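Written below as structure tokens is the structure these notes are about.
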Amino acid sequence: MTQGSRSRRGVMALLTSRRLAVGLICAVTAALVVAVLDQPWVLTSVPFLGLVAVLAVSTGACAWERTRAALRVARVPGADAMLKRLAAPSAIRVPLPLDVEAEAAMAEVARRLRGRRMAVSERDGLVGARKGRAGLIGSPLFHWALALLLVTFAAGALLRSEGRIPLPMGEPRTLEPANYQVFKAGRLNASRSGLVLQADDLTLSYLVDGIDAGPTPAVTLSDGSGVLASGLVYPNHPLRWRTMMVHVVDHGLAPKLALEAADGALRGEVSGFSDFDPKSASGTTPSEFELTDRAGVARYSAHVEVLADKVTSPETGLVGVQPRMPTTPTVLIRVIALSGSGEATQTRLAVGEILRLRDGSGVRLVGVDYFARVSVVDDPSVHVIYALLGLSLVGLSLALLLPYRVVWVGVSGTGAHRELAAVVRHQRGAMGFKAAVERLLEEIAAR
Amino acid sequence: MSSLTLEAIAMWGAVTIYAVGSVLYVVGLVFGKEKVTAAATAVSLLGVAPHLAGIGIRWARIGHGPYLGFYEVISSYALFAVLAFALVSWRYRGLRPAGMFVMPFVFLFLGGAMLASNQDLPITGKLASYWLIIHVTFAKLAYGSFIASFALALSYLARGRVRGERWSSLTARFPAPETVDDLSYRFVAAGFVFLAVMIAAGAVWANEAWGRYWGWDPIETWALVSWLVYAVTLHLRLTLGWRGDRWAWTVIVALPAVLFALIGVPIVYQSIHGAYLTGY
């Protein structure tokens, strides 16, 4: 054996070591317990990721070893090899009385094992019986699937993108990072350019089989060539397109403001996003804008809050916010000059009203509509993960619930020294199985 | 009579019967009365009828199974524990005295549930999914299996350690140690598979509902911790050959991880997941 192959064997022996497996699982478990005790940094720390990487490699090595073991066990041994095993000290031995015919005894052994729903074969004077052959593939299948799952989780983290984007009703939004409120993408994420999302017709209480699904927008995903997917989006009913999923998160109010020059010319329109907030005086969170002049220089900062309808609970007296369109949509707008004195102007605006600024320009409230905040996730690893989860569950079930059992029985010795000899193997080493086979042989010998 | 009243009568009836069963076990053991111990088993299993009736009445009224709120969840776990014990005691008569470990536990669980709020919690849009049924069913099967394996491990250890003629004669009627040991392993193996299905179903459902299959939510993390604890337990058995006392102690030490995941985490941590136990 060369030095290289000795080293490879040593590494393989280490990776498939049961004690290493137990130690790694214990270490990962301990790290998870620490992480859940308000220390989430553990989950992205180098030592933890290193542990999981070693666990993945060890699992793969165990899968390889389990596969080889299963192939070895599944092979039917030749008659000579079986006779050697029957002669070993560990074999079951039951003396066979002289008045019992060997052939009759073996026929009875075969019949009784068939009665236990084992697949029986008879050759060269030996009876072989097996049950649960499918269980042999269980452990290798489970370990391969688990190793591939760990790799896929890592790959998925690098390929995945996710973010939250507010969609004012009727206004298309391009799926680009600038339009998201929260966005993150893995290093290998292939961004899909040119996709556009639009939400229309928000229904505040959408009933599905009598259950209120809550605020439900109709969402359309399109690109330059047309609509790719569209439909109502509510809990447990996302919009899907290829590896992308769109879920509804929540809804709020979107004040739409028009910026007008002193001569009344329209400079631009902007939509804000106000979430319902029972703790704030207005009942919503503010939107912040910068108002620019013709040259694109920011002149003012605007702070806009939609005034939500309040409601007082008759039982508790507590004041809450109605999470719907106010009866008379009005905003509280505060504009601060970014240069000079930093003068602030504050007023309430109803729909159509305008706030004139010092330089003659104005901010008009065009309208207030709903917006739907949706999460957009693009993860090509999800379906692979589903498939591997399914395979791992099948493997686990076969390995644990369908143990492979095999029995080989033969007659050894001659004359008064004849014995029924049996070699028994149970995948989980259950002592009861060996004892049951021994009892069976004793009953046959006693007949 | 309203269905609420009928439900209360049925559930308190079950609590009372489980309490009587627990007392009969203690009396049978203390005074060495075999017939009393046999009666304890019969009485305890009789409690399943009103327990099932109470759950059924509530299900018919509110339109969903026992998955929401402390009262429903703990009551259903108590039911699964009794059903697991019924299965074991039907197959292995000698293990009926193991009810002395199971029934007090069931009585306390259900009694505790009855003291909690039994306010009707409707299924919301976020919970309206077939994955809820799959996820919760396998959770109950898993935790019931682990509790059964725990009781069997205690029975295994009790056999070799009890002093006194009464206790010794009682434990001598348990099946052979190898059988109890193997049975305890089988329940751990079944529970491990069920827990894996629960976690997988939860991950698929989370992706459908929230767009992410895993978010390191405290309950998700503790479910994974529980699964890994039993993965270690099974490795110790299947690859390092731990049997007998060592196996029994391993099973006993593993259960608290599962119990904390089931009850402790939803109470200690505020999370969207925890609403199933603490209400919303």
Side-chain angles (χ1 to χ4, degrees), chain A residues 18-19 21-22 25-26 28-30 32-33 35-38 40 43 62 139 142 153 156 160 162 206-214 216 234-238 245-247 249 374-377 379 381-382 385-386 389-390 392-393 396-397 399-401 403 427-433 435, chain B residues 63 122-132 176-179 181-183 185-186 188-190 192-193 196-197 199-201 203-205 207-214 216-222 224-229 231-232 234-241 243 257 265 268-269:
Chain A
R18 303 344 185 195
R19 287 188 162 77
V22 169
I25 299 172
C26 287
V28 168
T29 307
L32 292 178
V33 170
V36 87
L37 294 173
D38 219 16
L43 299 171
C62 285
S139 182
F142 171 68
F153 290 145
R160 180 186 174 90
E162 62 182 296
Y206 183 69
L207 290 183
V208 181
D209 296 331
I211 295 173
D212 183 3
T216 300
Y234 51 87
N236 296 300
H237 192 267
M245 286 171 93
V246 179
H247 290 80
V249 178
V374 299
S375 82
V376 181
V377 175
D379 190 342
S381 72
V382 167
I385 286 170
Y386 286 178
L389 277 175
S392 67
L393 287 174
L396 189 63
S397 303
L400 291 180
L401 305 179
Q427 197 170 9
R428 63 166 189 266
M431 300 305 292
F433 181 64
Chain B
I123 289 280
T124 63
K126 288 188 174 130
L127 295 171
S129 167
Y130 290 115
W131 289 107
L132 168 69
E178 304 82 46
T179 305
D181 177 75
D182 189 56
L183 204 55
Y185 159 78
R186 286 203 227 178
V188 166
F192 189 69
V193 174
V197 175
I199 292 172
V204 173
W205 185 22
N207 197 51
E208 292 296 297
W210 302 321
R212 95 291 181 275
Y213 54 80
W214 197 267
W216 298 109
D217 172 276
I219 289 181
E220 289 171 349
T221 308
W222 266 105
L224 181 60
V225 165
S226 302
W227 192 76
L228 290 173
V229 164
V232 168
L234 286 170
H235 271 83
L236 290 173
R237 170 94 175 187
L238 294 171
T239 64
L240 293 175
R243 281 182 156 69
V265 173
V268 169
Y269 294 95

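Just so you know, these numbers use all the heavy atoms, side chains as well, and skip hydrogens, waters and symmetry mates. Convention: sequence-line order gives letters A, B, ...; per-chain numbering from 1. Predicted, not measured: the structure shown is a model, and the values here were computed from it.
Between A:L393 and B:V197, the shortest heavy-atom distance links the atoms CD2-N, 3.8 Å. For B:V193 against A:S397, the heavy-atom pair with the smallest separation is CG1-OG, 3.5 Å. Closest non-hydrogen pair, B:L228 versus A:V28, comes out as CD1-CG1, 4.1 Å. A:L400 approaches B:A189 most closely through the heavy-atom pair CD1-O, 3.8 Å. Minimum heavy-atom separation, B:G211 to A:R160: O-NH2, 2.8 Å. Annotation for A:V22 and B:L240: closest pair CG2-CD1, 4.3 Å, computed over non-hydrogen atoms.
Interface remark: B:Y185 contributes side-chain atoms only to the contact with chain A (heavy atom separation under 4.5 Å). Of the atoms belonging to A:D209, not a single heavy atom falls under 4.5 Å from chain B. Proximity to chain B (any heavy atom under 4.5 Å) is shown, for A:V208, by neither the backbone nor the side chain. B:W227 touches chain A through its side chain: at least one heavy atom from C-beta onward sits under 4.5 Å away, while N, CA, C and O do not. Looking at B:W214, neither its backbone nor its side chain comes within 4.5 Å of chain A, counting heavy atoms on both sides. A:F142 touches chain B through its side chain: at least one heavy atom from C-beta onward sits under 4.5 Å away, while N, CA, C and O do not. If you measure heavy-atom distances from A:V376 to chain B, you find no contacts under 4.5 Å at all. Within the 4.5 angstrom heavy-atom criterion, atoms from both the backbone and the side chain of A:L32 approach chain B. Looking at B:T179, there are no atoms closer than 4.5 Å to chain A (heavy atoms on both sides), in backbone or side chain.
With chain B as the partner, the residue from A:L43, A:L389, A:D38, A:D212 showing the most heavy-atom pairs under 4.5 Å is A:L43. Options B:V225, B:L238, B:L236, B:L224 differ in how many heavy-atom pairs under 4.5 Å they form with chain A, and the most are formed by B:V225. Chain A forms more heavy-atom pairs under 4.5 Å with one residue of B:V232, B:V204, B:T221 than with any other, namely B:V204. Highest contact tally toward chain B, considering only A:L207, A:T29, A:V33, is held by A:T29 [criterion: heavy-atom pairs under 4.5 Å]. Contact tally against chain A (heavy-atom pairs below 4.5 Å) for B:A231, B:A203, B:S129: the top residue is B:S129. Among the candidates B:G241, B:G63, B:A128, the residue making the largest number of heavy-atom pairs closer than 4.5 Å to chain A is B:A128. Contact count against chain A (heavy-atom pairs under 4.5 Å) is highest for B:R243 among B:H235, B:E178, B:R243.
A:L396 contributes atom CG, which lies 8.5 Å from atom CG of B:L234 (distance to the nearest 0.5 angstrom). Rounding to the nearest 0.5 Å gives a distance of 3.5 Å between OH of B:Y213 and CD1 of A:I385.
Looking only at side-chain heavy atoms (C-beta outward), B:N207 and A:Y386 come within less than 4.5 Å of each other.
Judged by distance alone, with hydrogens and angles left aside, the side-chain atoms of A:N236 form a donor-acceptor pair with the main-chain N or O of B:G125 at under 3.5 Å.
Judged as a side-chain hydrogen bond (donor to acceptor under 3.5 Å, both in side chains), and not counting sequence neighbours, the contacts of B:D181 are B:R237.
For A:R18, the CZ atom is densely surrounded, since the number of other residues' heavy atoms within 6.0 Å is greater than 12.
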